[in-house]
Protein chains: 2
Amino acid sequence: MGRWEPDARGRLARVALELYAERGFEQTTVEDIAERAGVTERTFFRHFADKREVLFDGSGTLEHRLVDAIASAPAGLPPIEVIGRAFADAGAMLEERRDHARRRATVIAANPALQERELLKMAGLGSAATEALRARGVPDPAAALAAQAGVAVFGLGFERWVSGAPSTSLAAAIEGALVDLRAVVAS
Amino acid sequence: MGRWEPDARGRLARVALELYAERGFEQTTVEDIAERAGVTERTFFRHFADKREVLFDGSGTLEHRLVDAIASAPAGLPPIEVIGRAFADAGAMLEERRDHARRRATVIAANPALQERELLKMAGLGSAATEALRARGVPDPAAALAAQAGVAVFGLGFERWVSGAPSTSLAAAIEGALVDLRAVVAS
DNA sequence: TCAGGTGATGTCAGCAACTGTCATCAGGAC
DNA sequence: GTCCTGATGACAGTTGCTGACATCACCTGA
């Protein structure tokens, strides 16, 4: 243990979501967050690059899991299938935290600056997926297009999952969204 | 005419792209831009919401044209076809300014903060397209998925257009990208 | 056991993005 | 000619974010 309460980072992330939900993102200053978390503003910026990033701490883990799932998918599977399964698998990370995911999504939906960051993270997910597909030998532009289709399908699946009945799984919602995409693009 | 040089807005936009290209986005202050354009910093912020927005002045027009193209597409055309044609049509706006588009794309590619904004604009294009499709009677989730497919296809087409031979048209590149997407999703 | 290294934090000064407010001034309407 | 309007200037203030240096609990090795 350090000389202060442990897990300053975790506290900052929790407090930030709390305050963004209470007063809104713009009405919350970094000083507010730091104060409630019991640290200084400077410490906030040591843990998070900026005021938005504090809501996206788990995105690295998600990306890692996505890439792993793509790499370990059965050989010979069509790229779009690989992508569908990989996003469904990575999404399993969120299954147990549906409530947290919903609160977070609500905060993000309320602010364009946060939507920007989310879009950037999703694009990052897409780039990582593209690379992982290329590593499997999938040529361009199939790799990039399949990855982007995966991002879109993940987004739709996530929306349905957080706003739907608690019983349905995110994985199932993603697979369902892929079916819908096939229908639309094929027509 | 006002009491100052006319078209302060246009001058600011041109100068900003110039400086972002010369020194980079972060190394350019709003004061730099305002000074070279012959106005004050305050005037910059009267014309553009923030330092990034100055690069996205035409996005409203593009969105408008896209929506019009969707609304006026032949009845009975499958949504994905409507979208493909509409994005190709809207893209025609850029055809004559390929060089400008390339310079702009280079600047954006060099800075994550600008990429964020571009992603937000693209997402806005997607939302507008979704709405326009719904207005034609296309149900969900087909409307949203077709629109997002359009955004992806536009992005790939644009990339190929700016980096390819000057002879190929953006519209053709977009149509080509849609063909590729079909192949990937159908497999 | 203690000297020094290490990592996380505090403190403080400072820049630049952005906003609110009020003053200024050319041109058009009446 | 007076009033109104729209665009701009001037200026003060808040906040996000960074750099530089100090502090201090803990660990490590002699």
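Just so it is clear: chains get the letters A, B, ... in the order the sequence lines come, proteins before strands, and each one is counted from 1. Because the structure is a prediction, the values reported are computed rather than measured.
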A.B. asks: Would you name the heavy atoms of V138(B) and A143(B) that are closest together and state the gap between them?
C.D. replies: CG1-N, 3.7 Å
A.B. asks: Does a side-chain N or O from T40(B) land closer than 4.0 Å to OP1 or OP2 of dT8(D), or not?
C.D. replies: no
A.B. asks: In whole Å, what is the span from the CD1 atom of I33(A) to the P atom of dC17(D)?
C.D. replies: 10 Å
A.B. asks: Once you round it to whole Å, what is the distance between C1' of dT11(C) and CZ of F44(A)?
C.D. replies: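 That distance rounds to 19 Å.
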A.B. asks: Look at the side chain of K51(A) and the backbone N and O of T28(A), then say whether any donor-acceptor pair between them is shorter than 3.5 Å.
C.D. replies: yes
A.B. asks: From CD of E35(A) over to P of dT11(C), roughly how many Å is that when rounded to an integer?
C.D. replies: 13 Å
A.B. asks: Under 4.0 Å between a side-chain N or O of T43(A) and OP1 or OP2 of dG10(C)?
C.D. replies: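 Affirmative; the distance criterion is met.
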A.B. asks: dA8(C) P sits how many Å from E5(A) CD, rounded?
C.D. replies: 17 Å
A.B. asks: Do R182(A) side-chain atoms and V185(B) backbone N/O form a donor-acceptor pair below 3.5 Å?
C.D. replies: yes
A.B. asks: Taking all non-hydrogen atoms of both residues, which atom of I174(B) and which atom of F87(B) are closest, and how far apart?
C.D. replies: CD1-O, 3.6 Å
A.B. asks: Using whole Å, what does the distance between atom C1' of nucleotide dA17(C) and atom CZ of R117(B) come to?
C.D. replies: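 Atom-to-atom, R117(B) to dA17(C), this comes out as 13 Å.
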A.B. asks: Whole Å only: how far is the CZ atom of F48(A) from the C1' atom of dA8(C)?
C.D. replies: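 One finds 14 Å between C1' of dA8(C) and CZ of F48(A), rounded.
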A.B. asks: Reckon H47(A) has a side-chain N or O less than 4.0 Å from the OP1 or OP2 of dA8(C)?
C.D. replies: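 Answer is no, no contact under 4.0 Å.
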A.B. asks: Determine whether any donor atom in the side chain of R42(B) lies under 3.5 Å from an acceptor atom in the base of dG20(C), or the reverse, and answer yes or no.
C.D. replies: yes
A.B. asks: Nearest to the side chain of R46(B), which nucleotide is it out of dG10(C), dC18(C), dT8(D)?
C.D. replies: dT8(D)
A.B. asks: In whole Å, what is the span from the CD atom of Q27(A) to the P atom of dT14(D)?
C.D. replies: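 So the two atoms are 17 Å apart, to the nearest Å.
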A.B. asks: Verify, without hydrogens or angle tests, whether R9(A) (side chain) and H47(A) (backbone) share a donor-acceptor contact under 3.5 angstrom.
C.D. replies: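 At least one qualifying donor-acceptor pair exists.
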A.B. asks: Check every strand shown and say whether E41(B) touches a base, only sugar-phosphate, or nothing at a heavy-atom separation below 4.0 Å.
C.D. replies: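 Here E41(B) touches the bases of the nucleic acid.
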A.B. asks: What's the closest nucleotide to the F45(B) side chain, out of dT9(C), dA16(C), dT19(C)?
C.D. replies: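 Shortest atom-to-atom distance from the side chain points to dT19(C).
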A.B. asks: Give the rounded distance in Å between these two atoms: CZ of R9(A) and C1' of dA8(C).
C.D. replies: 13 Å
A.B. asks: With DNA chain D as reference, determine whether A8(B) or R52(A) sits nearer its 5' end, using the nearest nucleotide of each.
C.D. replies: A8(B)
